[in-house]
Amino acid sequence: MNLKINILFIEDDINTCSFVTAALSKNGYQVTSAHSAREGLSLAAANYPEIILLDLGLPDLDGCEVLRILRRWSDRPVIVISARETDSDKVQALDLGADDYITKPFSPAELMARIRACLRHTRTCTPDRFYQALGLRINLVSRTVSLDGELIHLTHVEYRLLALLAERSGCVLTYSYMMNTIWGPYTDDNNQILRVNMANIRRKIEKNPARPQYVFTEVGIGYRMRETEGR
């Protein structure tokens, strides 16, 4: 499995949205679009994008307010894309937690360079960082998962859950922590979606899901992953 970088673009102008989406897709990114602030916040919580591109002039909520809300629960990089050109607008957005600010109009080449820079600045993984235990290996930089040398296909959410556990292997992660980290604070208290995804992960990586070797259930609390042998 080699997942594309997932980008959320919150923009109400259809032409701009189509232009940017086409440019991003051509450069190998996976793009999800939202045309309102509320839709964008919901998708940010549900899809856990690597980067959020945010227009400030949204119809239902100002982009700066969207930034305030995002920064209450998300540390995902945010690049503002706006027609607002004044220094005060840029300073306000950056002070509210934006990682970068691009003024419209802009070239696709500039946007791609800003995205690459943002990814470099926000990734904490080193090139050899990986999880390994028994026959399971997870490269946390290339985001590939293999079992006994064979690549395993996971969905985006399944990979995020497995990587979250792998990065904290040996520790118990509570249901609520995992739910909030992957789906954001807008998710309800029902952890059925978490249980379903974890069951799917076990079917893919465990030789016998009923007797797991990698991901263990701490009943009533959460999940724990076998400690990596790569430390």
Side-chain angles (χ1 to χ4, degrees), residues 1-8 29-32 34 40-52 70 72-77 122-125 129-231:
M1 181 199 68
N2 197 345
L3 294 176
K4 294 181 178 181
I5 298 296
N6 184 22
I7 295 179
L8 171 63
Y29 296 104
Q30 178 179 316
V31 189
T32 304
L41 288 168
S42 178
L43 288 172
N47 293 354
Y48 202 76
E50 275 82 4
I51 288 184
I52 298 171
L70 279 170
R72 292 173 190 165
W73 55 269
S74 175
D75 62 354
R76 296 290 86 187
T122 55
R123 281 179 172 170
T124 57
C125 294
R129 189 172 176 216
F130 62 90
Y131 169 94
Q132 182 170 306
L134 303 178
L136 181 67
R137 183 181 175 94
I138 305 170
N139 187 314
L140 296 167
V141 175
S142 65
R143 300 189 298 172
T144 54
V145 179
S146 62
L147 182 64
D148 296 330
E150 294 189 11
L151 288 176
I152 302 297
H153 173 74
L154 299 176
T155 67
H156 186 77
V157 169
E158 288 167 1
Y159 174 79
R160 284 297 309 157
L161 286 167
L162 190 62
L164 183 67
L165 286 161
E167 288 167 351
R168 298 159 181 80
S169 63
C171 300
V172 178
L173 304 187
T174 66
Y175 299 129
S176 61
Y177 174 79
M178 296 180 71
M179 294 283 290
N180 286 335
T181 300
I182 302 303
W183 288 281
Y186 294 100
T187 188
D188 57 32
D189 294 331
N190 187 342
N191 60 23
Q192 182 62 24
I193 187 173
L194 174 61
R195 293 176 182 273
V196 168
N197 277 281
M198 293 305 301
N200 290 338
I201 290 170
R202 277 183 168 146
R203 278 195 290 271
K204 294 176 180 181
I205 69 170
E206 301 284 2
K207 294 180 180 177
N208 181 358
R211 298 173 62 87
Q213 301 181 84
Y214 302 110
V215 179
F216 309 100
T217 300
E218 301 291 339
V219 179
I221 301 173
Y223 296 96
R224 173 179 56 83
M225 194 159 184
R226 175 188 287 271
E227 190 165 354
T228 181
E229 298 163 358
R231 285 179 179 164

Are any non-hydrogen side-chain atoms of [X] and [Y] less than 4.5 angstrom apart?
| X | Y | value |
| --- | --- | --- |
| D148 | K207 | yes |
| R143 | I5 | yes |
| L70 | R76 | no |
| I205 | L162 | yes |
| M179 | I193 | yes |

Rounded distance [0.5 Å steps], [atom1] in [X] versus [atom2] in [Y]:
| X | Y | atom1 | atom2 | answer |
| --- | --- | --- | --- | --- |
| E218 | C171 | CD | SG | 11.0 Å |
| N139 | Q132 | CG | CD | 11.0 Å |
| R202 | T217 | CZ | OG1 | 3.5 Å |
| W183 | N191 | CH2 | CG | 9.5 Å |
| Y131 | L136 | OH | CG | 6.0 Å |
| E158 | H153 | CD | NE2 | 7.5 Å |

Exercise. Identify the residue among I201, I152, V145, L164 that makes a side chain to side chain contact (heavy atoms under 4.5 Å, CB included) with Y159.
Key: V145
Quiz item: Name the one of T174, L173, L161, L165 that satisfies side chain to side chain contact (heavy atoms under 4.5 Å, CB included) with Y223?
Solution: L165
Quiz prompt | Check against side chain to side chain contact (heavy atoms under 4.5 Å, CB included), M225 and I138 | solution = CA-CA 12 Å; M225 194 159 184; I138 305 170; 4.0 Å; yes
Quiz item: Is a side-chain N or O of E50 found less than 3.5 angstrom from the main chain of N6, in a donor-acceptor match?
Solution: yes
Quiz item: If only atom types and distance count, is the side chain of R226 paired as donor or acceptor with the main-chain N or O of Q213 below 3.5 Å?
Solution: yes
Identify the two heavy atoms, one from [X] and one from [Y], that lie closest to each other, and give their separation to 0.1 Å.
| X | Y | value |
| --- | --- | --- |
| G40 | L8 | O-CD2, 3.5 Å |
| P49 | A44 | CD-O, 3.5 Å |
| V215 | P212 | O-CB, 3.2 Å |

